[in-house]
Amino acid sequence: MRCLKIARVAFKNNAGIITELALNGSRKESFSGWLLQAKQFYTNSLTNPIILKEFQQYGITKAKLEGFQAETNAVESASLAQEKEKGNAQNATKVRDKAINELSDWLSDFIAIARIALEAEPQLLESLGILERS
């Protein structure tokens, strides 16, 4: 944000650079919106010699801009990794839920057959953990 504030002051009279760096308007609040704006800002700042020269007057070197760009890229990579992990967790949950449902169906059938097979011997049902119905 510091670079952005300085850029707004430094280029207040240069509509082309204001557009190039997306300085007009407010910052996007969504992560994806912020990321697009930040990437545009750093990419265009680093490739435009006029912007680089003006930033140097305010103590913002090319190396600093590259560092900020690298931090932005690291945040993007971390976000992508997090989204991938979320997807993996959702898939694992679906697989688990399906297995639980299948097991529940099998157990229901097992209990029904055990009740039929052992109706004359309720003690054996209890040893299986199956209590008599009330």
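Since we're looking at a predicted model, the values are computed, not measured.
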Peer 1: Let me confirm one number: the CD-CH2 distance from Glu76 to Trp34, rounded to the nearest 0.5 Å.
Peer 2: 9.0 Å

Peer 1: Find the distance between OG1 (Thr43) and CG (Asn73) and round it off to the nearest 0.5 Å.
Peer 2: 7.5 Å

Peer 1: Counting only N and O atoms by type, is there a donor-acceptor contact under 3.5 Å from the side chain of Ser108 to the main-chain atoms of Ser104?
Peer 2: no

Peer 1: Hey, is Glu119 close enough to Arg115 for a salt bridge, meaning N to O under 4.0 Å?
Peer 2: no

Peer 1: Would you say the side chain of Leu35 lies within less than 4.5 Å of the side chain of Val75, judging by non-hydrogen atoms?
Peer 2: no

Peer 1: Under 30°, 30 to 60°, or over 60°: which ring-plane class applies to Phe110 and Trp106, parallel, tilted or perpendicular?
Peer 2: parallel

Peer 1: Measure up the Phe55 and Phe11 rings against each other and bin them: parallel (under 30°), tilted (30 to 60°), perpendicular (over 60°).
Peer 2: perpendicular

Peer 1: Quick one: does Arg8's side chain get under 4.5 Å of Asn24's, heavy atoms only?
Peer 2: no

Peer 1: For a side chain to side chain contact (heavy atoms under 4.5 Å, CB included) check, start with the C-alpha distance between Gln123 and Leu118, then their side-chain angles and the critical distance, and finish with the verdict.
Peer 2: CA-CA 9 Å; Gln123 301 293 0; Leu118 302 173; over 6 Å; no

Peer 1: Do Gln40 and Leu21 have side chains that get closer than 4.5 Å, going by heavy atoms?
Peer 2: no

Peer 1: Using a 4.5 Å cut-off on heavy atoms from C-beta on, say whether the side chain of Gln69 contacts that of Lys39.
Peer 2: no

Peer 1: I'd like to check Leu36 versus Lys28 (side-chain heavy atoms, cut-off strictly below 4.5 Å). Are they in contact?
Peer 2: no

Peer 1: Between Leu80 and Tyr42, is there shared hydrophobic-cluster membership here, with clusters defined by ILVMFWY side-chain heavy atoms closer than 4.5 Å?
Peer 2: no

Peer 1: What distance separates Phe68 CZ from Leu46 CG, expressed to the nearest 0.5 Å?
Peer 2: 11.0 Å

Peer 1: Main chain of Ala89, side chain of Thr93: is a donor-acceptor contact present, judged purely on distance under 3.5 Å?
Peer 2: yes

Peer 1: Going from CD on Gln37 to OG1 on Thr72, what distance comes out if it is rounded to the nearest 0.5 angstrom?
Peer 2: 12.0 Å

Peer 1: Would you say CD of Gln57 has more than 12 non-hydrogen atoms from neighbouring residues, nucleotides or ligands within 6.0 angstrom?
Peer 2: yes

Peer 1: Find the distance between CD1 (Ile17) and CG (Asn44) and round it off to the nearest 0.5 Å.
Peer 2: 10.0 Å

Peer 1: Check Ser45 against Leu52 and note the closest heavy-atom contact, atom names and distance.
Peer 2: O-CG, 3.3 Å

Peer 1: Kindly indicate whether the side chain of Leu125, heavy atoms from C-beta on, has any atom under 4.5 Å from the side chain of Ile111.
Peer 2: no

Peer 1: Nearest 0.5 Å please: distance from the CD atom of Glu54 over to the CG atom of Asn14.
Peer 2: 9.0 Å

Peer 1: Under 4.5 Å between any side-chain heavy atoms of Asn91 and Val95, yes or no?
Peer 2: no

Peer 1: Looking only at atom types and distance, does a side-chain atom of Lys64 sit under 3.5 Å from a main-chain N or O of Gly59, one as donor and one as acceptor?
Peer 2: yes

Peer 1: Would Ile116 end up clustered with Ile130 when hydrophobic side chains under 4.5 Å apart are linked, directly or stepwise?
Peer 2: no

Peer 1: Does the side chain of Gln82 come within less than 4.5 Å of Glu85's, by heavy atoms?
Peer 2: no

